[in-house]
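Have a look at the structure below, then the notes.
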Amino acid sequence: MYKVSKDQCIYSMNAKQETVLKVSTGSTVEFETYDCFENQITDHTQSIDNLDWSRINPATGPLYVEGAEEGDTLKIEILKIDVGEKGVMGAIPGVGVMGDKVENPEMKIVPIKDNKVIFNDDIHLPLEPMIGVIGVAPKHEDISCGTPGHHGGNMDNKKIREGATLYLPIFTEGALLSIGDLHAVMGDGEVMVSGVEVCGRVQVKVEVIKGISIENPLLEDKENIYTIASDEDLFTATKMATEDMQKIVMKQLNISFNEAGMLLSAAGNVEICQIVDPLLTVRFAMPKKIINKLY
Ligand code: CA
Ligand code: ZN
């Protein structure tokens, strides 16, 4: 299996990044990743003022997938996620949903043991590893790894986990896939701006799909298919994800615009991925019992 070290990381996604590895379509690759603070926080007493903020949200890569061209789709099967032995969380003034009420910054080290996230002596959470940042190079822009968008990026979508398959639009030759920002567990919304931030390793199988063009990330797992959209405005992101799903439902079930809309209204779920990053991310979930093809 191919491996990419965490030290081969980038802080923004763009088409000019030097690639760290070239693989053929169908390859399996392991990405080793830093946590979103690039492993700078090792102790809860550490002041966030001493952090090197230029090293926030590193993503490992980018990986060049041979044969990938603009207009194709990159299929990424998440085969395995292993996380480190401790996670980091933070309360930071001015950041997140309650940031205006946080008076003192505080960091918290969260041990991970026996598939449990030890939040404190009394509260243990089940380990549910997920990928915060996963994206390809956008066509023209240089997008910080902290921002989500059409190219994927910092979607902080807890459904991007082991067993799920993500589809990203390809904007540039080689696609240039990068992965980082694992969470040992995270709630929808990521309200305090951090999940249980953790370093780790992700195994993915990458495949170029020719003849299929998508505009935004798509996802599937055992239960659902999902459209994913990000915007500064939560309603706009919701509308984008909903309209993308409606198009898929119309096409796959061969039903009218109105019928598809009513079906979405009856059986689909609007879910918030995160509301704390520069753009907010929403997913629209449709059960596979009703529709099981994304394209
Ligand atoms: Ca994140
Ligand atoms: Zn994170």
Side-chain angles (χ1 to χ4, degrees), residues 6 9-13 31-42 48 51-61 78 81-92 94-99 105-110 112 117 119 125 127-136 143-162 164 166 168 177-202 217 219 228-232 234 237 271-283:
K6 65 181 186 310
C9 63
I10 54 172
Y11 302 94
S12 69
M13 298 186 187
F31 289 74
E32 184 190 30
T33 61
Y34 280 114
D35 69 28
C36 71
F37 302 107
E38 207 173 302
N39 297 10
Q40 291 181 80
I41 296 168
T42 52
I48 57 162
L51 278 186
D52 179 353
W53 288 95
S54 70
R55 289 165 57 207
I56 296 300
N57 277 316
T60 306
I78 319 292
I81 304 177
D82 288 305
V83 296
E85 289 173 352
K86 56 179 199 282
V88 180
M89 300 199 77
I92 304 170
V95 173
V97 175
M98 289 82 73
E106 190 178 333
M107 301 310 287
K108 180 179 176 72
I109 302 287
V110 185
I112 298 163
V117 177
F119 186 78
L125 309 168
L127 179 65
E128 291 173 6
M130 54 155 284
I131 303 172
V133 172
I134 179 166
V136 294
I143 301 180
S144 153
C145 292
T147 300
H150 304 286
H151 70 301
N154 193 15
M155 294 178 282
D156 287 317
N157 181 341
K158 73 177 187 184
K159 300 292 182 184
I160 303 181
R161 59 187 176 184
E162 218 172 89
L166 178 68
L168 294 175
L177 175 70
S178 303
I179 298 176
D181 185 32
L182 304 183
H183 302 152
V185 65
M186 187 197 94
D188 276 335
E190 202 187 16
V191 293
M192 208 66 171
V193 100
S194 62
V196 178
E197 308 294 333
V198 68
C199 60
R201 292 188 310 274
V202 182
L219 185 70
I228 303 168
S230 301
D231 193 86
E232 281 172 20
L234 196 56
E271 298 170 356
I272 289 174
C273 298
Q274 57 75 25
I275 41 169
V276 293
D277 293 332
L279 302 182
L280 318 180
T281 305
V282 166
R283 60 178 185 264

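All ligand and atom numbering here is 1-based and tracks the order in the structure. All residue numbers refer to positions in the sequence shown, counting from 1.
For the Ca ion (ligand 1), the count of nearby protein N, O or S atoms, meaning those under 3.0 Å away, is 4.
The Zn ion (ligand 2) lies at 2.8 Å or more from every N, O or S atom belonging to Glu190.
Remark: the backbone N or O of Gly195 is paired with a side-chain donor or acceptor of Glu190 at under 3.5 angstrom. Checked by atom type and distance alone, the side chain of Glu38 never pairs as donor or acceptor with a backbone atom of Gln40 at under 3.5 Å. When atom types are taken as modelled, the side chain of Asn154 and the backbone of Gly146 share a donor-acceptor pair closer than 3.5 angstrom. Looking only at distances, no side-chain donor or acceptor of Asp277 sits under 3.5 Å from a matching main-chain atom of Leu280.
Residue Glu197 approaches the Zn ion (ligand 2) most closely through its N/O/S atom OE1.
When NE2 of His183 and OD1 of Asp181 are joined through the Zn ion (ligand 2), the resulting angle is 100° to the nearest 10°.
Each of His183, Met89, Lys86 was checked for a side-chain contact (heavy atoms from CB on, under 4.5 Å) with Val196, and the lone residue meeting it is Met89.
Pro278 and Thr147 get closest at one heavy-atom pair: CG-OG1, 3.4 Å. For the residue pair Ala184 and Ile112, the shortest heavy atom distance occurs at CB-CD1, 3.6 Å.
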